[in-house]
K.L.:
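Once you've had a glance at the structure underneath, I'll fire off some questions.
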Amino acid sequence: MTFRNLSGIFAPDCQIIWRSNELRQCPYRAGGLATMKRFDVLAIGLTASLAAQPAHAVEDVPAYLPGVTLGLPLGLLPAPGLYASAFASHFSFRGHNSRGDETAARIGSTPAALTFLYVTNLNIFGASYAFGVTQPIRYQTLDTPALSSDQLGVVNTVVNFGTLSWKLGNGFNVSVGHDLYLKDGSYRINRLSPTPATAPVSVGRNYWTYQPRVALTYLNNGWSFTDNMMLNINTENNYTHYQSGTFFINEATLTRRFGIFDIGVTSVYINQFEADRQYGRIVSAIPNGRGYGNKLEYASIGPMISYNPGPFAVQLYYQQNFVAKNTGGGSQIWGRVSFPLYTDRPNSPAEIESAGPR
């Protein structure tokens with residue numbers, strides 16, 4: 001981590017106290033930093049607070065990656081067998097405060113992951129049953145006028161304990177499932193902070209996240225529409241005693257097939273409806289920074305293309321953020337490949353694509 005010269009940014013009477021995930025404003029000559037909160041893919045900021053004010057340690061939102069399930073017809077499951085899917089992505093974000101204004105924080109993140117999905121021959125209440133695991137890694141950077149930090153490490157493992165998928169007829173398919181983000185990532189603490197705090201950049205999360213989900217997929221005459229809805233329910237970080245509030249995620253994909261290509265549009269919407277708490281109390285607002293409870297809102301949209309000749313599928317898509325409050329926002333680019341390792345029967349193009357991460 002590199003600490004830059006703070007002169008000319010903060011006033012002489014502003015005590016600099018390093019805290020996890022917070023960019024608290026001090027009186028300043030020029031510039032100044034505002035609080036922002038972010039996804040797992042984002043970096044934590046700098047805390048700079050007045051000596052007379054109480055300090056806060058703002059925790060990350062869970063290890064969920066916005067956009068990770070786009071392009072996947074997740075109402076479906078492929079034929080019984082073992083499947084693999086790999087993706088890589090790059091995020092170029094700026095921090096945003098509670099009003100949606102940009103802060104001085106620049107965040108870069110390059111995640112990659114490998115998913116294995118096993119589809120059983122079981123039939124449970126008329127549904128196909130599958131389970132799997134996803135292991136991500138990430139290189140992450142943070143740059144502000146006051147510091148520069150980065151980390152390459154292992155992100156929390158995602159265990160898909162079970163997915164049930166029903167074919168309802170007339171092109172409609174629905175699935176339900178439950179994932180668990182393990183507390184096993186490369187978590188770093190802030191050793192410069194006088195109170196327990198997460199490091200300015202930490203790709204791992206020191207808490208568990210439960211993710212129930214339901215997905216609807218409609219397939220008809222070359223058209224494909226999927227709406228994937230999830231909740232992220234987070235436990236408390238037992239080091240910082242911070243607990244991020246529950247939030248709702250909606251990822252939607254609409255495509256049209258042209259030969260062996262699918263072309264379409266994708267979108268992400270996230271809304272946190274439960275406040276963040278530390279030591280059991282709702283976190284307070286900071287002027288020009290985070291709002292009361294530090295609730296995030298995020299939305300993005302963009303195009304996608306899929307090349308799917310049958311045995312495998314390759315997908316590319318882009319997302320441009322247009323709403324970001326108490327989090328980071330900017331652009332993302334994604335690439336993904338999905339393929340069977342073995343299978344009982346040939347799969348349709350949509351079934352191959354459905355082998356991606358949940």
Side-chain angles (χ1 to χ4, degrees), residues 39 41 64-79 83-93 108-117 132 134 136 138 165 171-173 175 213 215-230 249-270 298-323 329-341 343 346-358:
F39 302 111
V41 299
Y64 163 79
L65 285 173
V68 69
T69 70
L70 293 175
L72 304 175
L74 295 183
L76 292 174
L77 280 173
Y83 299 82
S85 179
F87 76 76
S89 177
H90 180 72
F91 292 61
S92 180
F93 275 13
S109 184
T110 305
L114 182 62
T115 296
F116 292 100
L117 179 73
T134 298
R138 177 175 300 108
S165 173
F172 288 97
N173 305 264
S175 71
R213 52 185 163 76
L216 173 69
T217 294
Y218 176 68
L219 303 170
N220 187 27
N221 294 326
W223 288 95
S224 174
F225 173 74
T226 293
D227 194 33
N228 187 31
M229 294 164 283
M230 297 162 278
I249 307 155
N250 185 279
E251 297 199 346
T253 300
L254 175 65
T255 62
R256 180 73 166 88
R257 189 158 182 85
F258 300 92
I260 57 175
F261 293 94
D262 292 291
I263 299 173
V265 63
T266 59
S267 68
V268 177
Y269 180 70
I270 303 170
Y298 176 92
S300 63
I301 194 168
M304 76 155 294
I305 185 170
S306 175
Y307 171 70
N308 190 336
F312 63 92
V314 178
Q315 296 172 307
L316 296 173
Y317 55 99
Y318 173 85
Q319 286 283 292
Q320 180 61 51
N321 162 259
F322 61 91
V323 173
S331 62
Q332 312 168 36
I333 187 167
W334 292 78
R336 181 193 299 120
V337 59
S338 303
F339 53 92
L341 297 175
T343 180
N347 285 276
S348 69
E351 287 175 326
I352 288 290
E353 291 171 349
S354 71
R358 261 60 188 168

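Throughout, residue positions are numbered sequentially from 1 according to the sequence presented.
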K.L.:
Minimum heavy-atom separation for Leu74 to Ser175, with atom names?
P.N.:
O-OG, 2.7 Å

K.L.:
Flag yes if more than 12 heavy atoms outside Asn220 fall under 6.0 Å of its CG atom; otherwise flag no.
P.N.:
yes

K.L.:
Indicate yes or no for a side-chain donor-acceptor contact from Arg257 to the backbone of Thr255 under 3.5 Å, with no hydrogens or angles considered.
P.N.:
no

K.L.:
Assess the side chains of Ser338 and Ser85: does a donor N or O sit below 3.5 Å from an acceptor N or O?
P.N.:
yes

K.L.:
So, does Thr266 use its side chain to make a donor-acceptor pair with the main chain of Gly302 at under 3.5 Å?
P.N.:
yes

K.L.:
Do Pro111 and Pro136 make a side-chain contact, defined as non-hydrogen atoms from C-beta onward lying under 4.5 Å apart?
P.N.:
no

K.L.:
Which heavy-atom pair separates Thr253 from Gly71 by the least distance, and what is that distance?
P.N.:
OG1-N, 2.8 Å

K.L.:
How far does CD of Gln319 sit from CG of Leu70, to the nearest 0.5 angstrom?
P.N.:
5.0 Å

K.L.:
Run Leu316 and Tyr307 through side-chain contact (heavy atoms from CB on, under 4.5 Å) and show every step you take.
P.N.:
CA-CA 9 Å; Leu316 296 173; Tyr307 171 70; over 6 Å; no

K.L.:
Closest approach of Thr134 and Ala113, non-hydrogen atoms and distance?
P.N.:
CG2-CB, 3.9 Å

K.L.:
Is it true that the side chains of Glu251 and Thr69 contain a donor and an acceptor less than 3.5 Å apart?
P.N.:
yes

K.L.:
Please name the pair of heavy atoms, one in Ser109 and one in Arg138, separated by the smallest distance, quoted to 0.1 Å.
P.N.:
OG-CD, 2.9 Å

K.L.:
Considering only heavy atoms from C-beta outward, does the side chain of Met229 approach that of Ile249 to under 4.5 Å?
P.N.:
no

K.L.:
Using only heavy-atom distances, determine whether the side chains of Glu353 and Ser306 contain a donor-acceptor pair under 3.5 Å.
P.N.:
yes

K.L.:
Quick one, Ile301 with Val265, criterion side-chain contact (heavy atoms from CB on, under 4.5 Å). Give me CA distance, side-chain angles, the key distance, then yes/no.
P.N.:
CA-CA 7 Å; Ile301 194 168; Val265 63; 4.0 Å; yes

K.L.:
Taking the side chain as everything from C-beta on, heavy atoms only, tell me whether Leu341 gets closer than 4.5 Å to Phe339.
P.N.:
yes

K.L.:
Does Phe87 have its ring centroid less than 6.0 Å away from the ring centroid of Trp334?
P.N.:
yes

K.L.:
Side-chain donor-acceptor pair under 3.5 Å between Thr217 and Thr226, yes or no?
P.N.:
yes

K.L.:
Does the side chain of Gln315 come under 3.5 Å of the side chain of Tyr317 through a donor N or O and an acceptor N or O?
P.N.:
no

K.L.:
Does the Asn321 side chain pair with the main chain of Ser300, one donor and one acceptor, at a distance under 3.5 Å?
P.N.:
no

K.L.:
Can you see which heavy atom on Tyr318 is nearest to which on Ser331, and at what distance?
P.N.:
OH-CB, 3.3 Å

K.L.:
Working to the nearest 0.5 angstrom, can you tell me the gap between Tyr298 OH and Phe322 CZ?
P.N.:
9.5 Å

K.L.:
Please report the interatomic distance CE(Met304) to OG(Ser267), rounded to the nearest 0.5 Å.
P.N.:
12.5 Å

K.L.:
Taking the six-membered ring of Phe258 (Phe, Tyr or Trp), confirm whether the NZ or CZ of Arg256 is under 6.0 Å from its centre and within 45° of its axis.
P.N.:
yes

K.L.:
Nearest 0.5 angstrom please: Ile333 CD1 to Gln320 CD, how far?
P.N.:
12.0 Å

K.L.:
Would you check if there is a donor-acceptor pair between the side chains of Asp262 and Asn308 at a distance under 3.5 Å?
P.N.:
no

K.L.:
Under a 3.5 Å threshold, yes or no: a donor from one side chain and an acceptor from the other, between Thr343 and Tyr83?
P.N.:
yes

K.L.:
Please examine the side chains of Pro357 and Arg336, heavy atoms only from C-beta on, and report whether any two atoms are closer than 4.5 Å.
P.N.:
yes

K.L.:
Would the Tyr218 and Phe225 ring centres measure less than 6.0 Å apart?
P.N.:
no

K.L.:
Over all heavy atoms of both residues, which pair between Pro311 and Ile352 is shortest? Give the atoms and the distance, please.
P.N.:
O-CD1, 4.1 Å

K.L.:
With rounding to the nearest 0.5 Å, note down the distance linking CG in Leu76 to OG in Ser224.
P.N.:
7.5 Å

K.L.:
Just do the side-chain hydrogen bond (donor to acceptor under 3.5 Å, both in side chains) check on Asn250 and Asp227 with the steps written out, would you?
P.N.:
CA-CA 7 Å; Asn250 185 279; Asp227 194 33; 2.8 Å; yes

